[in-house]
Amino acid sequence: MNVADTEVVFALLAPHGYVRTEDMSEADVIMANTCSVRDNAEQRIHGRIEQFNLQKRARPEVLVGILGCMAERMKEELLESGKVDIVAGPDSYRSLPVLLQNAAPGQPQINVQLSRDETYAEIVPVRLDKNGVSAFISIMRGCNNVCSYCVVPYTRGAERSRDWHSIVREACKCFEDGYKEVTLLGQNVDSYKYEDCNFAGLLKMVAEACPGLRVRFSTSNPQDISDEVLQVMASHDNICHHIHLPVQSGSDRMLEKMRRRYTRAWYLDRVAAIRCYMPDCAISTDVIAGFCSETEEDHKDTLSLFEEVGFDAAFMFYYSERPGTLAARKYPDDVPQDVKTRRLEEIIAVQNRLSLESNRRDIGKRFTVLVEGPSKRNPAELCGRAGNNKMCVWPDTEHRAGDFVEVEVLDCTQATLLCKLA
Ligand code: SAH
Ligand code: SF4
């Protein structure tokens with residue numbers, strides 16, 4: 001999401017004469033787009049601010065900006081350090097040219113106003129993907145859920161959906177510009193609603209407007225994912241059979257405390273529905289280990305849910321208390337760090353095995369893969385993702401980034417399908 005937002009920022013700055021450089025020592029303005037979802041994401045940014053200030057020391061006229069969620073969460077606190085000249089929240093990017101114009105060393109500028117209707121709908125992003133293969137399209141902003149651990153509703157504001165006309169237009173423009181894949185982005189795509197168009201309707205329109213374009217989306221919330229969306233996925237060849245369905249915990253007691261509005265049984269029912277419509281659909285998830293008051297039994301429920309679903313992939317975290325959230329106000333962060341770490345390691349160990357088992361099940365299958373470029377390990381091999389989002393590598397000197405290639409899976413590691421051209 002921050003990549004997509006940064007592409008909007010480049011588009012908003014371009015008419016004012018700003019061009020992108022990857023060489024920090026050449027930059028007049030250095031900005032970081034930030035994430036507040038866990039404390040260590042923020043700690044990394046504090047490290048980056050120090051780095052940016054080395055440039056400032058050599059060239060005092062350099063401006064340093066913090067954009068995005070951390071700007072929104074910390075507001076003036078960021079300015080007090082004297083190390084930041086611009087603080088701009090996720091809904092204030094249109095004001096960046098003015099903020100930059102007014103800023104000077106010792107004269108910082110801030111705009112952290114959240115909006116009810118800003119979607120940057122008509123802004124044509126300046127794409128950052130160098131290959132020109134895969135593009136992100138933001139379809140909504142903010143979030144109306146109040147998961148008790150989560151800072152997103154506070155940093156990104158209320159949920160609003162972007163005009164579907166502009167989404168379909170942007171997808172078609174990506175295709176005309178040579179892109180082969182788009183990923184529709186939102187915190188909770190299933191609650192997309194613009195006039196009478198819901199997410200299933202949007203997905204169908206995008207898939208049908210550009211049949212040559214591969215379509216992905218993220219994130220689906222288990223409480224809202226509908227059979228209608230699954231039917232649209234199953235009936236359009238260019239929509240990838242992969243759903244990212246964050247579960248967060250396998251324990252009903254934890255889910256309730258997290259204010260996720262589903263139960264373990266509901267989650268399993270949604271998984272069954274996905275597999276009923278699309279037996280080959282990959283399912284990935286997010287999980288939080290060691291949320292407030294989590295017991296060994298709750299943790300075992302998470303491990304058993306992982307086994308029961310057999311996720312193809314997972315993003316796994318231990319709970320990080322975020323200031324201002326409901327959990328921070330109401331529940332003590334009482335699982336000791338060593339217990340959180342151990343539980344997280346246990347989840348990772350289970351998932352590593354499940355990923356390997358999932359990959360082994362693909363041996364002998366054929367997939368259409370979108371080439372991303374040479375594999376990291378071997379320049380005589382290409383890599384790219386299958387529809388199920390798994391990374392494939394195979395020996396190939398003929399094709400190049402952006403080609404669709406048929407491969408057959410010969411072997412695998414936990415992270416990669418090892419293939420040959422089919
Ligand atoms: N909108 C998405 C999630 C966005 S945040 C959804 O509801 O699924 C991405 C992931 O970060 C979450 O799924 C969750 O697993 C993790 N996360 C969010 N807040 C967290 C916290 N306080 N500590 C640890 N992980 C957290
Ligand atoms: Fe955070 Fe929940 Fe919204 Fe996801 S749905 S962004 S976890 S509040």
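Order of appearance sets the numbers: ligands from 1, and atoms from 1 within every ligand. Quick caveat, the model's predicted, so the values are computed rather than measured.
- Heavy-atom proximity to Arg322, at under 4.0 Å, picks out these atoms of ligand 1: 22 (N).
- Of the possible donor and acceptor atoms, none in the side chain of Arg156 sits under 3.5 Å from a partner among the backbone N and O of Pro90.
- Residue-ligand proximity, Arg38 to ligand 1, at heavy-atom distances under 4.0 Å covers atoms 11 (O), 16 (C), 17 (N), 23 (N), 24 (C), 25 (N), 26 (C).
- Here the heavy atom of the protein found nearest to atom 8 (O) of ligand 1 is Pro246 CG, 3.0 Å.
- Scanning Asp224, Asp286, Val189 for the heavy atom closest to atom 12 (C) of ligand 1 points to Asp286.
- For the pair Arg270 and Tyr262, the cation does not sit on the ring face, since its NZ or CZ is not both under 6.0 Å from the ring centre and inside 45° of the axis.
- More than 12 non-hydrogen atoms from other residues, nucleotides or ligands lie less than 6.0 angstrom from NZ of Lys193.
- Heavy-atom contacts from other residues, nucleotides or ligands closer than 6.0 Å to CZ of Arg259 number 12 or fewer.
- Contact detail for Leu99 and Gln109: the closest heavy-atom pair is O-CG, 3.3 Å.
- Heavy-atom neighbours of Arg353 CZ from other residues, nucleotides or ligands within 6.0 Å: above the threshold of 12.
- Of the listed options Ser320, Cys35, Gly290, Ala328, Ser320 places a heavy atom closest to atom 21 (C) of ligand 1.
- The nearest protein atom to atom 15 (O) of ligand 1, hydrogens excluded, is given as Gln248 OE1, 2.6 Å; this is a heavy-atom distance.
- Protein residues are said to neighbour a ligand when one of their heavy atoms lies under 4.0 Å from it; for ligand 2 these are Cys143, Asn145, Cys147, Tyr149, Cys150, Val152, Pro153, Gln187, Asn221, Arg260.
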Which pairs would a plain distance check flag for residues 195-211, meaning a side-chain donor or acceptor within less than 3.5 Å of a matching protein atom at least two apart in sequence or in another chain?
from: Asn198; atom 1: OD1; to: Ala200; atom 2: N; distance (Å): 3.2
from: Asn198; atom 1: OD1; to: Gly201; atom 2: N; distance (Å): 2.8
from: Asn198; atom 1: ND2; to: Glu228; atom 2: OE1; distance (Å): 3.1
from: Glu208; atom 1: OE2; to: His236; atom 2: NE2; distance (Å): 2.6

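- Shortest contact from atom 19 (N) of ligand 1 to any protein heavy atom: Tyr149 CD1, 3.3 Å.
- Atom 24 (C) of ligand 1 has its closest protein heavy atom at Tyr318 O, 3.4 Å.
- At least one N or O atom of Gln187 sits closer than 3.5 Å to an N or O atom of ligand 1.
- More than 12 heavy-atom neighbours from other residues, nucleotides or ligands sit within 6.0 angstrom of CZ on Arg160.
- Comparing Gln223, Met258, His244, Arg260 by heavy-atom distance to atom 6 (C) of ligand 1, the nearest is Arg260.
- When each atom of ligand 1 is checked for a heavy atom of Val37 under 4.0 Å away, the hits are 5 (S), 18 (C), 19 (N), 20 (C), 21 (C), 22 (N).
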